[in-house]
Amino acid sequence: MLDVKYIREHPDEVARALETRGGAESVQQLLGLDADRRRRVTAVEALKAERNKVTAEIAQAKRRGESPTEEMARMRTLGDEIKEMDAAISGVERGMEAILLQLPNLPHPSVPVGRAEDNQEVRRWGAPRQFPFDPKPHWEVGERLGILDFERAAKLAKSRFTVLWGAGARLERALAQFMLDLHTREHGYREVWVPHLVNAETMQGTGQLPKFEDQLFRTLEAEGGRPLYLIPTAEVPVTALHAGEILKEQELPKRYVAFTPCYRREAGAAGQDTRGMIRQHQFDKVELVKVTTPATSYDELEAMVGNAEEVLKRLELPYRVVLLATGDTGFASAKTYDLEVWLPGQGKYREISSCSNCEAFQARRAEIRYRPASGGKAEFAHTLNGSGLAVGRSLIAVLENCQEADGSVTIPPALRPYLDGLERITPGS
RNA sequence: GGAGGGGUGGCCGAGCGGUUGAAGGCGCCGGUCUUGAAAACCGGAAUCCCGCAAGGGAUCGGGGGUUCGAAUCCCUCCCCCUCCGCCA
């Protein structure tokens, strides 16, 4: 959520910044409501001041044993008037809120303006392996090994689900544990285990609601009409851990890592990545989340990208880092780097991580603040999140990059300790 | 699911119709003392909104109501705790 005060003071700048992000057209409407609201607030507060004054006088009079019935009657009508005006103000505020919740974050000045084709490649690591044979897509590799089973997954649920058998299931688990160990032991993150079902307020805090409800799985309504939603990423519950809290600057930055499944409707993705397990309704992810001060958040973003890159380096998987342009950057983010891993079966780089600095956008929605060490007033924190990494896509990357001519897959050495030293997946393993 | 108790400032906790934005404690900031620190003592500090300012308004889980006036009374919703039942 953006700061209304900031929009009021920099309307042109905000409208311009939102041009490639959407929502620029509602800035004027918002400012109109804002002006209306302030006019009404000023008026009603004058009446409230009057009521408070007279009420105190009535209290005095009562203490003297008098009964100022005239004043009391006057205050009764004044009270009704105030109630009406307050209701009108609430209406205006709801209108403002509705707009504010739909406005995306403002991009950082370093972000290229434009659409996806304006994304900038920042760096590459590792050279795609030269195959003496035609590398297969992961679904062929996996099905031949008997570790990926899309048919049975569709039988159990529907399309866009996968069953992992034997070494495939173990590989998924090994990848997750390898990543968790790396981030907790070497990168200074604290592991946290969180609910996979969260309420609407939590979803609103990180920006999933109200705008992206169609992307979420919602459970049947609980009593009182308060549904729970399956998390589309651990970013949601982990960022919200400190919702409504005032942290001490001394305890920042908070660095958390969580391993959770992620559930996504993938509405609107019909026809995209229908084969294989690139785009699933359910996938595992190791997620990194940071809560920092504004002064350090961009250093922390660079560090987080480096932490995610380290996973790929140790797995010896070639990748590139891409700085997303304004139009491709997510709703809540001010600046996002994607990590794209090389998939030889598809002959292209595919997203395997996305690291974002949301600045105060989520903190404002979820009321995550910190008290400066100097003891001043509480400020909104900055929140960051990044995949470190998407586990399912990591498994895909291993299958495609490490496949051999005979159909087996060589396990990257960094992963072998997590698989009892297993070096190779062969059919039937 | 049944019965009961409770949600107050950064935290703990008093208040149960009118000088209460809210006692007290802890923690925090500044000072005195000290070579330094601790202790002790003194002082300071809630958040948001409107306003150029002076100043004003709102906020005691959320919403609604009663009243001239609500943290205090009533209704409703949410959440937490205790005991019982059920259960991985």
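Letters A, B, ... are given to chains in the order of the sequence lines, protein chains preceding strands, and every chain is numbered from 1.
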Discussion item. Under a 3.5 Å cutoff, is there a donor and acceptor pairing between the side chains of Ser333(A) and Thr336(A)?
Written reply: yes
Worksheet item: From rA58(B), rG65(B), rG18(B), pick the nucleotide closest to the side chain of Asn52(A)?
Response: rA58(B)
Fill in: Distance, P atom - from rA53(B) to rA37(B), rounded to whole angstrom
40 Å
Worksheet item: Does a side-chain N or O from Arg8(A) land closer than 4.0 Å to OP1 or OP2 of rC50(B), or not?
Response: yes
Item to complete: Please state whether the rings of Tyr298(A) and His108(A) are parallel, tilted or perpendicular, taking 30° and 60° as the class boundaries.
Response: tilted
Discussion item. Salt bridge or not between Arg40(A) and Asp36(A)? Use side-chain N to carboxylate O under 4.0 Å.
Written reply: yes
Discussion item. Can you tell me how the ring of Phe161(A) sits relative to the ring of His281(A), calling it parallel under 30°, perpendicular over 60° and tilted otherwise?
Written reply: tilted
Discussion item. If the cut-off is 4.0 Å, is Lys248(A) near the phosphate of rC29(B), judged by side-chain N/O to OP1 or OP2?
Written reply: no
Worksheet item: Can you tell me how far P in rG69(B) sits from the matching atom in rU59(B), rounded to whole Å?
Response: 13 Å
Worksheet item: Nearest nucleotide by nearest heavy atom, which residue falls closer to the 5' end of RNA chain B, Ala46(A) or Met75(A)?
Response: Ala46(A)
Practice prompt. For nucleotides rG85(B) and rU19(B), find the distance between their P atoms and express it as a whole number of Å.
Written response: 48 Å
Item to complete: Determine the Euclidean distance between corresponding P atoms of rG62(B) and rA70(B); express it in Å to zero decimal places.
Response: 16 Å
Practice prompt. Please tell me which of the listed nucleotides, rG18(B), rU66(B), rA58(B), lies nearest to the side chain of Arg51(A)?
Written response: rA58(B)
Worksheet item: Does Arg364(A) count as lying over the ring of Phe380(A), i.e. NZ or CZ under 6.0 Å from the six-ring centre, within 45 degrees of the axis?
Response: yes
Worksheet item: Counting side-chain heavy atoms from C-beta on, which of rG18(B), rG10(B), rC49(B) comes nearest to Lys5(A)?
Response: rC49(B)
Response to the item:
Of the listed rC68(B), rG56(B), rC50(B), the closest approach to the Val41(A) side chain comes from rC50(B)
Practice prompt. Determine the interatomic distance between C1' on rC60(B) and the same-named atom on rG55(B); round to the nearest Å.
Written response: 25 Å
Discussion item. The criterion is ring pair (Phe, Tyr, Trp, His ring centres under 6.0 Å); which residues satisfy it with His187(A), sequence neighbours excluded?
Written reply: His183(A)
Discussion item. Taking the C1' atom in each of rU47(B) and rA40(B), what is the distance between them to the nearest angstrom?
Written reply: 33 Å
Worksheet item: Mind checking the P distance from rC80(B) to rC29(B)? Whole angstroms is fine.
Response: 34 Å
Fill in: Nearest listed nucleotide, side chain of Ile246(A), among rG18(B), rG10(B), rA58(B)
rG10(B)
Discussion item. Do Glu359(A) and His382(A) pair up side chain to side chain, a donor and an acceptor below 3.5 Å, judged on atom types alone?
Written reply: no
Item to complete: Taking only the side-chain heavy atoms of Arg371(A) (C-beta and beyond), determine which of rG56(B), rU47(B), rC50(B) contains the nearest atom.
Response: rU47(B)
Worksheet item: Is Lys313(A) salt-bridged to Glu316(A), going by a charged N under 4.0 Å from an acidic O?
Response: no
Worksheet entry | Paired stretches of RNA chain B - 3 or more consecutive Watson-Crick or G-U pairs, each distance under 3.5 Å | B:1-7 with B:78-84, B:10-12 with B:24-26, B:28-32 with B:40-44, B:46-50 with B:55-59, B:61-65 with B:73-77
Worksheet, complete the sentence: Of Gln250(A) and Glu50(A), the one whose nearest nucleotide on RNA chain B sits closer to the 5' end is Gln250(A)
Discussion item. Rounding to an integer number of angstrom, what distance separates rC73(B) and rG5(B) when you compare their P atoms?
Written reply: 14 Å
